[in-house]
Amino acid sequence: MDTVETEARALLGATLTHDGVSVRITEVEAYGGVGDPASHAARGPTPRSAIMFGPPDVLYVYLSYGMHHCANVVVGKDGDASAVLLRAGEVVAGIELARIRRGTDVPDVRLARGPANLTRALGLALAHNGAALAGPEVVLRRPAGPAAAVSCGPRVGVSQAADVPWRFWLTGDPTVSAYRRSPRAGTPDAARG
DNA sequence: CGCAGGATTTGCT
DNA sequence: GCAAATCCTGCGG
């Protein structure tokens, strides 16, 4: 339970609840601190990334491309800037509310597929940045034991250190996105579990 | 004060 | 498969 990598794996199968919707986490990405060029904390603490340097078990929410929200779980002890991006999940409660937020024509397995879609299904926004995972607003219920089958592969959407296999997902789970490859098609996926 | 870029998603060709 | 939408953050001057 020391590395962000381990923390990321441990979050698979966890259930995150907010505002009437619960999502079982099926896909995550690990982000290191200062040593990880792809992390928001790569160049030291900034107003935005400061929350990552604080105590763990809080939410780190940020706005991407001016329109999408992404949610992270801050891990590691105080002073450590590690975080785990929540990329996809399965809606296990409040599915009707999630469907309203995402659109009635969205298939169930896609309700929380993709980091921005997951936050939208949960109703998370910038206002929840720094929210404690122990509640009352946001509740994270960690799984009793480690996930049975976990696959790993390179991170998606990052232009730095994309070769580091710090993306984890539950093998074979239908809510996990087989996301598009990087611009360079033909790159070996290496993502098999 | 101004500029460049981003942990994405969606829709059209 | 490609390109646009859209705004906040971080850095340089």
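Chain A is the first sequence line, chain B the second, and so forth, proteins listed ahead of strands; every chain is numbered from 1. Basis for what follows: all heavy atoms, side chains included, without hydrogens, waters or symmetry-related copies.
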Looking at A/Ser159, does any N or O in its side chain come under 4.0 Å of the phosphate oxygens OP1/OP2 on B/dG5?
no

Measure the distance from CZ on A/Arg167 to C1' on B/dT8 and round it to the nearest whole Å.
14 Å

Look at the side chain of A/His68 and decide which nucleotide, out of B/dT9, C/dT6, B/dA7, has an atom nearest to it.
B/dT9

Spacing of A/Leu126 atom CG relative to C/dC8 atom P, expressed in whole Å
9 Å

A/Asp105 and A/Arg99 ion-paired at < 4.0 Å
no

Whole-Å gap separating P (B/dG6) and CE (A/Met67):
15 Å

Using a strict threshold of under 4.0 Å (side-chain N to carboxylate O), is an ion pair present between A/Asp163 and A/Arg155?
no

Answer yes or no: is there a donor N or O on one side and an acceptor on the other, between the side chain of A/Asp80 and the main chain of A/Gly76, under 3.5 Å?
no

Is the closest side-chain donor-acceptor distance between A/Ser22 and A/Thr15 under 3.5 Å?
no

Strand DNA chain B as a dot-bracket string - pairs counted if Watson-Crick or G-U with both distances under 3.5 Å, | where the partner lies in another strand:
||||||.|||||.

A/Arg102 CZ to B/dT10 C1', in whole Å, measures 10 Å

Does A/Arg48 make a cation-pi contact with A/Tyr60, if we ask for NZ or CZ under 6.0 Å from the ring centre and within 45° of the axis?
no

Return the stacking result for B/dG6 and A/Tyr65: yes when the ring centres lie under 5.5 Å apart and the planes under 30°, no otherwise.
yes

Measure from the ring center of A/Tyr62 to the ring center of A/His40 and say whether it is less than 6.0 Å.
yes

Spell out, yes or no, whether A/Val106 and A/Leu97 are grouped together once hydrophobic residues are joined by side-chain heavy atoms under 4.5 Å, including indirect joins.
yes

Do A/Asp19 and A/Arg101 meet the salt-bridge criterion of a basic N to acidic O distance under 4.0 Å?
yes

Would you mind reading off the distance between A/Leu63 atom CG and B/dA7 atom C1', rounded to a whole angstrom?
12 Å

Side chain of A/Val158 only, please: which of B/dG6, C/dA5, B/dA7 is the nearest?
B/dA7

What parts of residues 28-53 of chain A reach DNA chain B, counting only heavy atoms under 4.0 Å away?
A/Tyr31, A/Ala38, A/His40, A/Met52

d(CG, A/Asn117; C1', B/dT10) in whole Å:
10 Å

Mind checking if A/Leu85 touches a base, just sugar-phosphate, or nothing, with heavy atoms under 4.0 Å?
base

In this structure, how many angstroms lie between the C1' atom of B/dG6 and the CG atom of A/Asn72, rounded?
14 Å

In whole angstroms, the gap separating C1' of C/dC8 from OH of A/Tyr60 amounts to 11 Å

Looking at A/Arg24 and A/Glu90, does any basic side-chain N land under 4.0 Å from a carboxylate oxygen?
yes

Take A/Val84 and A/Arg120, find for each the nucleotide of DNA chain B with the closest heavy atom, and name the residue whose nucleotide sits nearer the 5' end.
A/Val84

